[in-house]
Student: 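Sharing a structure below in structure tokens format, with a few things to ask.
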Amino acid sequence: MLDEAQVTDLNVRFEHATPQEMLGWALVGSGIERIAVASAFQREGTAIIHMATRIRPDIPVLFLETGFHFAETLAFKEQLTERYGLNVVELTGEHTVASQEAAFGPRLYERDPDRCCRINKVEPFQRALEGFDAWITGMRRDSAWTRARSPLVTCYEVSPGHPIVRINPIANWTQRDVWAYLKEHDIPHNPLYDLGCASIGCAPCTRTVAPGEDERAGRWSGTGKIECGIQAPEAQLQAAGADGAG
């Protein structure tokens with residue numbers, strides 16, 4: 001795929017580019033055909049989906065159906081899918097909610113959130129990426145310390161011998177930039193934002209945030225966990241930070 005020098009050049013080239021310019025390269029100029037958007041239908045992913053489908057209408061949108069999503073999230077996903085004719089690919093783990101409880105006991109998400117995320121997000125996502133050469137994410141650098149230096153383009157091994165390119169077009173955007181884009185294009189958003197959620201994941205591991213709290217404070221609250229694990233480089237930073245703190 002891309003060697004280290006090419007990745008470096010692309011990051012320099014796109015550092016001050018617009019997300020649309022970067023997506024134009026990813027979906028047209030790069031020559032990469034097997035490419036997908038990954039989204040949980042948060043505001044950032046919604047903006048990315050809108051931009052990407054204007055270039056490639058049938059691009060796969062990978063959605064992790066964990067079994068623990070808010071009803072509002074699932075309804076919003078259906079709303080957006082119908083509105084834009086999205087090619088949503090639902091990814092599921094090896095367990096249902098019931099079989100996970102039978103295998104690991106009740107409320108695994110409280111007792112061992114890392115394991116719960118690995119079962120329901122990381123493992124099915126990695127399996128799905130085996131069928132792609134690149135994926136597009138909507139991750140802002142200012143949303144967490146683990147993401148502060150996240151590159152616009154990175155290449156890592158999703159499995160031994162299978163490198164994959166991750167493209168992050170809105171790394172330099174702020175939360176305000178995302179909301180402005182949704183308003184400019186009259187794009188709806190998950191109604192949970194209106195109820196005080198700042199970052200939305202699975203229902204048991206998401207709460208509203210108070211004024212002045214960190215944007216991701218409502219995710220896995222009280223555990224010190226920031227990343228679910230599908231963002232491999234950032235998950236490694238989180239693990240290194242936890243080890244250092246210990």
Student: Would a 4.5 Å heavy-atom cut-off, applied to side chains only, mark Gln79 and Pro188 as touching?
Tutor: yes
Student: Quick check: is Val61 connected to Ile200 through a chain of hydrophobic side chains (ILVMFWY, heavy atoms under 4.5 Å apart)?
Tutor: yes
Student: Do the side chain of Ser221 and the main chain of Gly218 share a donor and acceptor less than 3.5 angstrom apart?
Tutor: no
Student: Given the rule in the salt bridge (Lys or Arg N to Asp or Glu O under 4.0 Å) test, do Glu213 and Arg207 qualify, once you have shown the distances and angles that lead to the verdict?
Tutor: CA-CA 12 Å; Glu213 274 195 302; Arg207 67 164 173 83; 2.8 Å; yes
Student: When rounded to the nearest 0.5 angstrom, what distance separates NZ in Lys183 from CZ in Arg176?
Tutor: 11.5 Å
Student: Decide, yes or no, whether a salt bridge links Arg34 with Glu130 under the criterion of side-chain N to carboxylate O below 4.0 Å.
Tutor: no
Student: Could you pull out the closest heavy-atom pair between Val153 and Val7, with the gap in Å?
Tutor: O-CG1, 3.4 Å
Student: Could you tell me whether Arg147 and Glu227 have a side-chain N and a carboxylate O separated by less than 4.0 Å?
Tutor: yes
Student: Is Val165 reachable from Met51 through a run of hydrophobic residues whose side-chain heavy atoms are each under 4.5 Å from the next?
Tutor: yes
Student: So Ile35 and Phe132, side-chain contact (heavy atoms from CB on, under 4.5 Å) or not? Walk me through it.
Tutor: CA-CA 6 Å; Ile35 187 170; Phe132 295 94; 5.6 Å; no
Student: Does CZ in Arg149 sit with more than 12 non-hydrogen atoms of other residues, nucleotides or ligands closer than 6.0 Å?
Tutor: no
Student: Between CG of Asp142 and CH2 of Trp173, what distance do you get to the nearest 0.5 Å?
Tutor: 12.5 Å
Student: Can you find a heavy atom in the side chain of Thr53 that is under 4.5 Å from one in the side chain of Leu86?
Tutor: yes
Student: Would a hydrophobic clustering, with Ile, Leu, Val, Met, Phe, Trp and Tyr connected at side-chain separations under 4.5 Å, put Ile164 with Trp25?
Tutor: no
Student: Are the side chains of Glu65 and Leu91 in touch, meaning some heavy atoms are under 4.5 Å apart?
Tutor: no
Student: Out of curiosity, Met22 CE to Asn172 CG, how far, rounded to the nearest 0.5 Å?
Tutor: 9.5 Å
Student: Measure the CD1-CZ distance between Ile230 and Arg166 for me, rounded to the nearest 0.5 Å.
Tutor: 9.5 Å
Student: Over all heavy atoms of both residues, which pair between Val122 and Cys228 is shortest? Give the atoms and the distance, please.
Tutor: CG2-O, 3.6 Å
Student: In terms of side-chain geometry, is the basic nitrogen of Glu215 or Arg43 positioned less than 4.0 Å from the acidic oxygen of its partner?
Tutor: yes
Student: For the residue pair Leu2 and Cys155, what are the closest heavy atoms and their distance?
Tutor: O-SG, 4.1 Å
Student: In terms of side-chain heavy atoms, does Gln126 have a donor or acceptor partner in Ser159 at a distance below 3.5 Å?
Tutor: no
Student: Mind listing the closest non-hydrogen atom pair of Thr206 and Ser199 along with its distance?
Tutor: CG2-O, 3.4 Å
Student: Does Ile49 reach the side chain of Tyr84, with side-chain heavy atoms less than 4.5 Å apart?
Tutor: no
Student: Can Phe41 and His189 be said to form a ring pair (Phe, Tyr, Trp, His ring centres under 6.0 Å), step by step?
Tutor: CA-CA 8 Å; Phe41 290 84; His189 60 268; over 10 Å; no
Student: Within the structure provided, determine whether Phe125 and Glu123 are in side-chain contact (heavy-atom separation under 4.5 Å).
Tutor: no
Student: If you measure only the distance, is there a donor-acceptor pair under 3.5 Å linking the side chains of Asn11 and Thr8?
Tutor: no
Student: Please round to the nearest 0.5 Å and tell me the distance separating atom CD1 of Ile119 and atom CG of Asp114.
Tutor: 11.0 Å
Student: May I ask you to test the Val37-Trp135 pair for a side-chain heavy-atom distance under 4.5 Å?
Tutor: no
Student: I want to know whether Tyr156 and His162 have ring centres closer than 6.0 Å.
Tutor: no
Student: Carefully, step by step, assess Phe76 and Thr73 under the rule side-chain contact (heavy atoms from CB on, under 4.5 Å).
Tutor: CA-CA 5 Å; Phe76 176 65; Thr73 297; 5.8 Å; no
Student: Would you say that Lys121 contacts Cys202 through its side chain, given a criterion of any heavy-atom pair below 4.5 Å between the two side chains?
Tutor: yes
Student: Please confirm whether the backbone N or O of Ala40 pairs with a side-chain atom of His69, one donor and one acceptor, at under 3.5 Å?
Tutor: no
Student: Does Ile136 belong to the same Ile/Leu/Val/Met/Phe/Trp/Tyr cluster as Leu80, with side-chain heavy atoms less than 4.5 Å apart forming each link?
Tutor: yes
Student: Can you tell me how far the CZ atom of Arg111 sits from the SG atom of Cys116, to the nearest 0.5 Å?
Tutor: 9.5 Å
Student: Closer than 3.5 angstrom, by distance alone: can the side chain of Glu72 be matched with the main-chain N or O of Leu192 as a donor-acceptor pair?
Tutor: no
Student: Compute the centroid of each ring, for Tyr181 and then for His50, and state whether the two points are separated by less than 6.0 Å.
Tutor: yes
Student: List the atom of Arg140, the atom of Ile170, and the distance in Å for their closest heavy-atom pair.
Tutor: CG-O, 3.8 Å
Student: Which pairs pass salt bridge (charged side-chain N to carboxylate O under 4.0 Å, His left out) with one or both residues in residues 2-17, sequence neighbours excluded?
Tutor: Glu15-Arg141
Student: Does some side-chain heavy atom of Thr81 sit less than 4.5 Å from a side-chain heavy atom of Lys77?
Tutor: yes
Student: Using only atom types and a distance under 3.5 Å, with no angle test, would you say the side chain of Asp133 pairs donor to acceptor with the backbone of Ile32?
Tutor: no
Student: In terms of hydrophobic clusters joined by side-chain contacts under 4.5 Å, are Val88 and Ile59 together?
Tutor: yes
Student: Output yes when Arg216 and Asp214 qualify as a salt bridge under the 4.0 Å nitrogen-oxygen rule, no when they do not.
Tutor: no
Student: Testing the basics here: between Ile55 and Gln20, what is the closest heavy-atom pair and its distance to 0.1 Å?
Tutor: CD1-O, 4.5 Å
Student: Does the pair Phe14 and Ile167 meet the rule for a side-chain contact (heavy atoms from CB on, under 4.5 Å), with working shown?
Tutor: CA-CA 11 Å; Phe14 289 121; Ile167 299 151; over 6 Å; no
Student: For Glu94, I'd like to know if atom CD has over 12 heavy atoms of other residues, nucleotides or ligands within 6.0 Å.
Tutor: no
Student: Apply the test side-chain contact (heavy atoms from CB on, under 4.5 Å) to residues Arg56 and Glu33: give CA-CA distance (whole Å), side-chain angles for both, the deciding distance (0.1 Å), then the verdict.
Tutor: CA-CA 11 Å; Arg56 191 182 292 189; Glu33 289 299 323; 4.2 Å; yes
Student: Are the side chain of Asn168 and the backbone N or O of Leu152 linked by a donor-acceptor pair below 3.5 Å?
Tutor: no
